[in-house]
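Quick note: numbers below take in every heavy atom, side chains included, and nothing from hydrogens, waters or symmetry partners.
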Amino acid sequence: MKVSPELLQESPNTLECAMTPALETINPEERDEMKVSVKLFILGDGLSSLGLAVDMACATLDIAQLDSVIIAPPPLEDGAVLTLEHLEPYWRELESLVQDKKVVAIGTSDLDKPLLEQLYLWAQVKPSSNQVNLASCCIMPPDLTAFAKQFDIQLLTHSDSKEILSEDSFQEALREGTQGAQVDGWSPEWILRYSVIVKTRGIIKSKGYIIQAKRKAPH
(Lines give C-alpha, C1' and ligand atoms only; values in the text may rest on other atoms or scores of the structure.)
Protein backbone atom coordinates (compact mmCIF):
# COMPACT_ATOMS: atom_id res chain seq x y z
CA MET A 1 0.00 0.00 0.00
CA LYS A 2 1.25 3.47 -0.88
CA VAL A 3 -0.21 6.65 0.58
CA SER A 4 0.32 10.14 -0.80
CA PRO A 5 2.18 12.06 1.98
CA GLU A 6 1.50 15.40 0.27
CA LEU A 7 -2.23 14.77 0.45
CA LEU A 8 -1.92 13.73 4.08
CA GLN A 9 -0.24 17.03 4.99
CA GLU A 10 -2.59 19.24 2.93
CA SER A 11 -5.81 17.54 4.02
CA PRO A 12 -5.24 15.77 7.34
CA ASN A 13 -8.69 14.16 7.27
CA THR A 14 -8.22 12.55 3.85
CA LEU A 15 -6.09 9.59 2.84
CA GLU A 16 -5.70 8.36 -0.70
CA CYS A 17 -4.28 4.86 -0.82
CA ALA A 18 -3.30 2.92 -3.91
CA MET A 19 -2.39 -0.74 -4.19
CA THR A 20 0.32 -1.81 -6.59
CA PRO A 21 0.08 -3.55 -8.97
CA ALA A 22 -3.19 -2.03 -10.15
CA LEU A 23 -6.36 -4.00 -9.47
CA GLU A 24 -7.67 -6.15 -12.28
CA THR A 25 -11.11 -5.14 -13.54
CA ILE A 26 -13.58 -7.64 -15.00
CA ASN A 27 -13.85 -7.87 -18.77
CA PRO A 28 -17.53 -7.13 -19.68
CA GLU A 29 -17.51 -10.05 -22.11
CA GLU A 30 -16.55 -12.42 -19.26
CA ARG A 31 -18.92 -10.98 -16.63
CA ASP A 32 -21.53 -13.74 -16.95
CA GLU A 33 -18.83 -16.36 -16.36
CA MET A 34 -17.77 -14.76 -13.05
CA LYS A 35 -19.34 -14.70 -9.60
CA VAL A 36 -18.36 -11.65 -7.53
CA SER A 37 -18.77 -12.31 -3.81
CA VAL A 38 -18.18 -9.78 -1.05
CA LYS A 39 -17.92 -9.91 2.73
CA LEU A 40 -18.36 -6.64 4.56
CA PHE A 41 -17.00 -5.94 8.04
CA ILE A 42 -18.50 -2.84 9.68
CA LEU A 43 -16.08 -1.54 12.31
CA GLY A 44 -17.34 2.00 12.92
CA ASP A 45 -20.83 3.44 12.96
CA GLY A 46 -22.93 4.82 10.13
CA LEU A 47 -25.28 2.79 7.96
CA SER A 48 -24.33 4.70 4.83
CA SER A 49 -21.17 2.58 4.86
CA LEU A 50 -22.97 -0.33 3.19
CA GLY A 51 -24.04 1.53 0.07
CA LEU A 52 -20.70 3.29 -0.23
CA ALA A 53 -18.77 0.03 0.15
CA VAL A 54 -20.85 -1.69 -2.54
CA ASP A 55 -20.48 1.29 -4.89
CA MET A 56 -16.70 1.29 -4.38
CA ALA A 57 -16.44 -2.45 -5.02
CA CYS A 58 -18.44 -2.10 -8.26
CA ALA A 59 -16.32 0.87 -9.37
CA THR A 60 -13.07 -0.95 -8.51
CA LEU A 61 -14.02 -4.01 -10.57
CA ASP A 62 -15.85 -1.98 -13.26
CA ILE A 63 -19.14 -3.85 -12.86
CA ALA A 64 -22.74 -2.77 -12.23
CA GLN A 65 -23.78 -5.41 -9.72
CA LEU A 66 -22.38 -7.75 -7.05
CA ASP A 67 -23.62 -11.34 -7.01
CA SER A 68 -23.43 -11.80 -3.25
CA VAL A 69 -22.85 -9.64 -0.17
CA ILE A 70 -22.36 -11.22 3.26
CA ILE A 71 -22.32 -8.92 6.26
CA ALA A 72 -20.30 -9.78 9.36
CA PRO A 73 -22.00 -9.09 12.72
CA PRO A 74 -22.03 -5.33 13.40
CA PRO A 75 -19.98 -3.91 16.30
CA LEU A 76 -21.49 -4.20 19.78
CA GLU A 77 -20.77 -2.54 23.09
CA ASP A 78 -18.78 -4.67 25.53
CA GLY A 79 -20.94 -7.36 27.06
CA ALA A 80 -23.82 -6.86 24.60
CA VAL A 81 -25.38 -9.84 22.83
CA LEU A 82 -26.27 -9.65 19.14
CA THR A 83 -30.04 -9.40 18.60
CA LEU A 84 -32.41 -8.90 15.68
CA GLU A 85 -32.73 -5.27 16.76
CA HIS A 86 -29.00 -4.78 16.08
CA LEU A 87 -29.26 -6.40 12.66
CA GLU A 88 -32.43 -4.73 11.38
CA PRO A 89 -31.01 -1.34 10.24
CA TYR A 90 -28.10 -3.02 8.44
CA TRP A 91 -30.40 -5.55 6.78
CA ARG A 92 -32.74 -2.79 5.59
CA GLU A 93 -29.78 -1.14 3.86
CA LEU A 94 -28.85 -4.44 2.21
CA GLU A 95 -32.45 -4.95 1.10
CA SER A 96 -32.47 -1.52 -0.55
CA LEU A 97 -29.29 -2.46 -2.44
CA VAL A 98 -31.04 -5.59 -3.73
CA GLN A 99 -34.09 -3.54 -4.74
CA ASP A 100 -31.79 -1.08 -6.55
CA LYS A 101 -30.27 -4.07 -8.40
CA LYS A 102 -26.78 -3.35 -7.07
CA VAL A 103 -26.69 -6.73 -5.30
CA VAL A 104 -28.30 -10.06 -6.25
CA ALA A 105 -28.19 -12.01 -2.96
CA ILE A 106 -27.47 -11.07 0.67
CA GLY A 107 -26.26 -13.24 3.52
CA THR A 108 -25.23 -13.27 7.15
CA SER A 109 -22.33 -14.50 9.22
CA ASP A 110 -22.13 -16.21 12.63
CA LEU A 111 -25.87 -16.29 13.34
CA ASP A 112 -27.14 -19.20 15.42
CA LYS A 113 -30.40 -20.92 14.52
CA PRO A 114 -32.72 -18.77 16.73
CA LEU A 115 -31.32 -15.47 15.43
CA LEU A 116 -31.21 -16.65 11.80
CA GLU A 117 -34.84 -17.73 12.10
CA GLN A 118 -35.86 -14.36 13.59
CA LEU A 119 -34.11 -12.52 10.76
CA TYR A 120 -35.63 -14.83 8.12
CA LEU A 121 -39.18 -14.30 9.42
CA TRP A 122 -38.74 -10.52 9.73
CA ALA A 123 -36.85 -9.79 6.51
CA GLN A 124 -38.45 -8.87 3.19
CA VAL A 125 -35.38 -10.05 1.27
CA LYS A 126 -34.49 -13.38 2.86
CA PRO A 127 -30.87 -14.31 3.68
CA SER A 128 -29.52 -16.64 1.00
CA SER A 129 -26.55 -17.81 3.08
CA ASN A 130 -25.10 -17.87 6.58
CA GLN A 131 -21.40 -18.30 7.33
CA VAL A 132 -20.31 -20.38 10.32
CA ASN A 133 -16.90 -19.99 11.96
CA LEU A 134 -15.32 -23.41 12.18
CA ALA A 135 -13.02 -22.19 14.95
CA SER A 136 -16.05 -22.01 17.26
CA CYS A 137 -17.67 -25.27 16.14
CA CYS A 138 -16.02 -28.19 14.40
CA ILE A 139 -19.30 -29.45 12.98
CA MET A 140 -22.42 -27.57 11.93
CA PRO A 141 -25.05 -27.40 14.70
CA PRO A 142 -27.86 -29.84 13.76
CA ASP A 143 -30.67 -27.31 14.44
CA LEU A 144 -28.99 -24.74 12.18
CA THR A 145 -28.44 -27.34 9.44
CA ALA A 146 -32.08 -28.45 9.55
CA PHE A 147 -33.41 -24.87 9.45
CA ALA A 148 -31.11 -23.89 6.57
CA LYS A 149 -32.14 -26.96 4.57
CA GLN A 150 -35.84 -26.28 5.14
CA PHE A 151 -35.61 -22.67 3.95
CA ASP A 152 -32.95 -23.10 1.26
CA ILE A 153 -30.23 -21.11 3.05
CA GLN A 154 -26.70 -22.07 2.05
CA LEU A 155 -24.41 -22.74 5.01
CA LEU A 156 -20.81 -21.71 4.38
CA THR A 157 -17.71 -21.81 6.56
CA HIS A 158 -15.14 -19.12 7.33
CA SER A 159 -12.05 -18.69 9.48
CA ASP A 160 -12.03 -14.89 9.97
CA SER A 161 -10.80 -13.65 13.33
CA LYS A 162 -13.15 -11.60 15.50
CA GLU A 163 -10.96 -8.53 15.05
CA ILE A 164 -10.06 -8.48 11.37
CA LEU A 165 -7.90 -5.34 11.60
CA SER A 166 -7.08 -3.49 14.81
CA GLU A 167 -6.55 0.26 14.96
CA ASP A 168 -2.90 -0.28 15.93
CA SER A 169 -2.25 -2.63 13.00
CA PHE A 170 -3.92 -0.22 10.59
CA GLN A 171 -1.84 2.73 11.81
CA GLU A 172 1.32 0.63 11.52
CA ALA A 173 0.47 -0.17 7.88
CA LEU A 174 -0.13 3.55 7.25
CA ARG A 175 3.24 4.44 8.78
CA GLU A 176 4.98 2.07 6.41
CA GLY A 177 3.06 3.46 3.45
CA THR A 178 3.48 7.14 4.28
CA GLN A 179 7.16 7.03 5.25
CA GLY A 180 6.85 8.87 8.52
CA ALA A 181 3.73 11.00 8.05
CA GLN A 182 1.49 11.64 11.04
CA VAL A 183 -1.06 8.80 11.16
CA ASP A 184 -2.30 8.95 14.76
CA GLY A 185 -6.06 8.98 15.15
CA TRP A 186 -6.83 7.00 11.99
CA SER A 187 -9.02 3.91 12.41
CA PRO A 188 -10.79 1.67 9.87
CA GLU A 189 -14.54 2.30 9.47
CA TRP A 190 -15.26 -0.71 7.28
CA ILE A 191 -13.40 -3.41 5.38
CA LEU A 192 -14.72 -5.09 2.25
CA ARG A 193 -13.19 -8.30 0.96
CA TYR A 194 -14.09 -9.37 -2.56
CA SER A 195 -13.52 -12.54 -4.54
CA VAL A 196 -13.99 -13.02 -8.27
CA ILE A 197 -14.75 -16.69 -8.93
CA VAL A 198 -14.89 -18.49 -12.28
CA LYS A 199 -18.29 -20.20 -12.05
CA THR A 200 -17.62 -23.27 -14.18
CA ARG A 201 -14.28 -24.09 -12.57
CA GLY A 202 -14.84 -22.88 -9.00
CA ILE A 203 -11.44 -21.18 -8.85
CA ILE A 204 -10.71 -17.68 -7.54
CA LYS A 205 -9.57 -15.45 -10.39
CA SER A 206 -8.81 -12.45 -8.18
CA LYS A 207 -9.44 -11.15 -4.69
CA GLY A 208 -8.69 -8.04 -2.70
CA TYR A 209 -9.69 -5.62 0.03
CA ILE A 210 -11.17 -2.14 0.09
CA ILE A 211 -10.95 -0.15 3.32
CA GLN A 212 -12.45 3.11 4.47
CA ALA A 213 -10.88 4.83 7.45
CA LYS A 214 -11.72 7.87 9.51
CA ARG A 215 -9.57 10.22 11.57
CA LYS A 216 -10.79 11.07 15.04
CA ALA A 217 -10.90 14.79 15.79
CA PRO A 218 -8.11 15.79 18.19
CA HIS A 219 -9.29 16.63 21.71
Side-chain angles (χ1 to χ4, degrees), residues 36-57 66-98 102-149 151-170 187-195 207-214:
V36 183
S37 299
V38 154
K39 186 169 184 180
L40 185 57
F41 304 85
I42 305 291
L43 308 177
D45 45 29
L47 291 170
S48 59
S49 302
L50 278 74
L52 177 62
V54 166
D55 285 345
M56 288 186 70
L66 301 176
D67 295 300
S68 167
V69 173
I70 288 174
I71 186 168
L76 298 172
E77 293 179 9
D78 288 344
V81 177
L82 186 65
T83 65
L84 179 61
E85 192 177 352
H86 291 121
L87 289 171
E88 283 177 0
Y90 294 94
W91 199 257
R92 283 196 195 98
E93 284 295 308
L94 289 174
E95 288 179 330
S96 70
L97 292 169
V98 173
K102 292 184 177 181
V103 176
V104 177
I106 49 179
T108 56
S109 182
D110 302 315
L111 301 194
D112 58 16
K113 187 262 179 183
L115 188 49
L116 183 61
E117 183 175 16
Q118 288 174 37
L119 177 65
Y120 187 91
L121 294 173
W122 170 83
Q124 288 185 312
V125 180
K126 307 299 184 185
S128 65
S129 60
N130 179 49
Q131 285 190 338
V132 178
N133 191 335
L134 284 184
S136 59
C137 64
C138 296
I139 54 172
M140 293 282 185
D143 61 342
L144 181 62
T145 304
F147 178 80
K149 185 176 181 180
F151 292 98
D152 197 25
I153 299 171
Q154 188 178 17
L155 290 182
L156 307 167
T157 59
H158 76 89
S159 55
D160 299 317
S161 61
K162 286 209 166 183
E163 186 175 45
I164 190 164
L165 179 64
S166 69
E167 191 172 307
D168 289 344
S169 298
F170 179 67
S187 60
E189 285 280 285
W190 52 260
I191 299 172
L192 179 148
R193 183 177 64 218
Y194 66 83
S195 302
K207 59 182 179 178
Y209 290 84
I210 301 171
I211 300 175
Q212 174 162 295
K214 189 175 183 180

**Q** Under 3.5 Å, is there a donor-acceptor pair between the side chain of N133 and the main chain of D160?
**A** yes
**Q** Where the side chain of W91 meets the backbone of V125, is there a donor-acceptor pair that is under 3.5 Å apart?
**A** yes
**Q** Drop me the distance from R92's CZ to W122's CH2, to the nearest 0.5 angstrom.
**A** 4.5 Å
**Q** Look at the aromatic rings of F147 and Y120 and report parallel, tilted or perpendicular, splitting at 30° and 60°.
**A** perpendicular
**Q** Counting N and O atoms only, with roles assigned by atom type, does the side chain of S128 sit under 3.5 Å from a partner on the main chain of I106, one being a donor and the other an acceptor?
**A** yes
**Q** Can you tell me how far apart CD (Q131) and OG1 (T157) are? Round to the nearest 0.5 Å.
**A** 7.5 Å
**Q** What heavy-atom pair brings Y90 and H86 nearest, and what distance separates the two atoms?
**A** CD1-O, 3.3 Å
**Q** Can you give me the closest heavy-atom contact between G51 and L97, atom names plus distance?
**A** CA-CD2, 4.0 Å
**Q** Testing the basics here: between I42 and S49, what is the closest heavy-atom pair and its distance to 0.1 Å?
**A** CD1-CB, 4.1 Å
**Q** How many angstroms lie between atom CG of L111 and atom CG of L119, to the nearest 0.5 angstrom?
**A** 6.5 Å
**Q** Can you confirm whether V38 sits close enough to V54 that some side-chain heavy atom of one is under 4.5 Å from a side-chain heavy atom of the other?
**A** no
**Q** When you measure from the side chain of E95 to the backbone of Q124, do you find a donor-acceptor pair of N or O atoms at a distance under 3.5 Å?
**A** yes
**Q** Within the distance-only criterion (no hydrogens, no angle test), does the side chain of D67 pair as donor or acceptor with the backbone N or O of V36 below 3.5 angstrom?
**A** yes
**Q** Do you know the tightest heavy-atom contact between P188 and E167?
**A** CD-CA, 4.3 Å
**Q** In Å, rounded to the nearest 0.5 Å, how long is the span from CG of L116 to NZ of K126?
**A** 11.0 Å
**Q** With a cut-off of 6.0 Å (strictly less than), are more than 12 heavy atoms of other residues, nucleotides or ligands near NZ of K214?
**A** no
**Q** Less than 4.5 Å apart, side chain to side chain, heavy atoms only: is that true for L50 and V69?
**A** no
**Q** With a 4.5 Å cut-off on side-chain heavy atoms, are L87 and P74 touching?
**A** yes
**Q** To check you understand the geometry: which heavy-atom pair defines the closest contact between L40 and A53, and what is its length?
**A** CD1-CB, 3.7 Å
**Q** Apply the test side chain to side chain contact (heavy atoms under 4.5 Å, CB included) to residues L43 and I191: give CA-CA distance (whole Å), side-chain angles for both, the deciding distance (0.1 Å), then the verdict.
**A** CA-CA 8 Å; L43 308 177; I191 299 172; 3.7 Å; yes
**Q** Rounded to the nearest 0.5 Å, what's the gap from CG on L144 to CG on L155? Could you check?
**A** 5.0 Å
**Q** Can you see which heavy atom on T108 is nearest to which on I70, and at what distance?
**A** O-CG2, 3.5 Å
**Q** Step by step, would you call L165 with I211 a side chain to side chain contact (heavy atoms under 4.5 Å, CB included)?
**A** CA-CA 10 Å; L165 179 64; I211 300 175; 4.1 Å; yes
**Q** Could you grab the distance from atom CD1 of I153 to atom OG of S129, nearest 0.5 Å is fine?
**A** 8.5 Å
**Q** Taking side chain as C-beta onward, heavy atoms only, is L52 less than 4.5 Å from M56?
**A** yes
**Q** Before you tell me yes or no, could you show the steps for H158 and L156 under side chain to side chain contact (heavy atoms under 4.5 Å, CB included), namely the whole-Å CA-CA distance, both residues' side-chain angles and the distance that decides it to 0.1 Å?
**A** CA-CA 7 Å; H158 76 89; L156 307 167; over 6 Å; no
